[in-house]
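Let me begin by handing over the structure; questions about it come next.
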Amino acid sequence: MKRERIELRVSASAKDLIQQATAVTGLTAGDLAYEGARRVLDEHQRLVLSGADRDAFFEALMNPPEPSERLIAAMRRHRDLVG
């Protein structure tokens with residue numbers, strides 16, 4: 001059962017867009033907002049890599065570069081602070 005409420009202030013153009021979307025889909029504004037939020041979160045949680053990105057990632061895993069002086073210094077500071 002729906003018991004929660006959200007109030008929004010939107011521009012006139014956003015209101016028109018939402019009203020058109022509810023008319024086309026048959027969804028309520030609340031259901032439309034829910035579906036949009038779910039879709040945004042799904043896209044955010046999914047990592048899509050191109051072939052070149054994938055290859056660079058696996059190359060770095062298989063043949064990691066030597067640590068830089070800055071990384072070594074940061075690890076020393078961390079060890080000194082944390083133990």
Side-chain angles (χ1 to χ4, degrees):
M1 177 165 259
K2 296 179 183 179
R3 294 187 179 169
E4 299 298 320
R5 182 176 182 88
I6 296 176
E7 293 186 34
L8 304 171
R9 290 196 177 271
V10 296
S11 66
S13 61
K15 182 180 177 184
D16 289 342
L17 186 71
I18 293 166
Q19 288 175 330
Q20 289 175 20
T22 60
V24 170
T25 63
L27 295 172
T28 65
D31 290 338
L32 189 64
Y34 174 80
E35 287 301 317
R38 188 185 55 74
R39 194 171 306 137
V40 165
L41 291 175
D42 285 348
E43 289 174 11
H44 179 74
Q45 293 169 347
R46 189 179 10 214
L47 179 62
V48 179
L49 299 176
S50 71
D53 293 334
R54 181 199 61 235
D55 293 344
F57 176 74
F58 285 122
E59 177 62 26
L61 284 177
M62 300 306 292
N63 300 303
E66 292 295 319
S68 67
E69 289 300 319
R70 289 181 67 189
L71 179 58
I72 292 169
M75 290 300 295
R76 285 185 182 132
R77 283 192 309 274
H78 175 75
R79 185 179 55 225
D80 292 343
L81 290 171
V82 177

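Below, all heavy atoms of this structure are taken into account, side chains as well, without hydrogens, waters or symmetry copies. Nothing fancy with the numbering, it's 1 onward along the sequence.
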For L81, the other hydrophobic cluster members (4.5 Å side-chain criterion, sorted by chain and number) are V82
By side chain to side chain donor-acceptor pair (under 3.5 Å), S13 pairs with (sequence neighbours left out) S11
Using a 4.5 Å side-chain heavy-atom cut-off and chaining through intermediate ILVMFWY residues, the residues clustered with I72 come out as none
Taken in chain and number order and not counting sequence neighbours, the residues that satisfy side chain to side chain contact (heavy atoms under 4.5 Å, CB included) with A74 are R77
Hits for side chain to side chain contact (heavy atoms under 4.5 Å, CB included) against D53, two or more places apart or cross-chain, chain-then-number order -> L49, S50
By side chain to side chain contact (heavy atoms under 4.5 Å, CB included), E43 pairs with (sequence neighbours left out) R39, R46
With sequence neighbours left out, the residues meeting side chain to side chain donor-acceptor pair (under 3.5 Å) with R38 are E35, D42
With sequence neighbours left out, the residues meeting salt bridge (charged side-chain N to carboxylate O under 4.0 Å, His left out) with E59 are none
When every non-hydrogen atom of T22 is compared with those of T28, the smallest separation belongs to CG2-C, 3.9 Å
D80 meets the salt bridge (charged side-chain N to carboxylate O under 4.0 Å, His left out) criterion, sequence neighbours left out, with none
Here the gap from K15 atom NZ to L17 atom CG, rounded to the nearest 0.5 Å, amounts to 13.0 Å
The remaining residues in the hydrophobic cluster of Y34, counting side-chain heavy-atom contacts under 4.5 Å among Ile, Leu, Val, Met, Phe, Trp and Tyr, are none
Residues at least two apart in sequence or cross-chain that pass salt bridge (charged side-chain N to carboxylate O under 4.0 Å, His left out) with D31, listed by chain then number, are K2
Connected to F58, directly or through other members, by ILVMFWY side-chain contacts below 4.5 Å are F57, L61
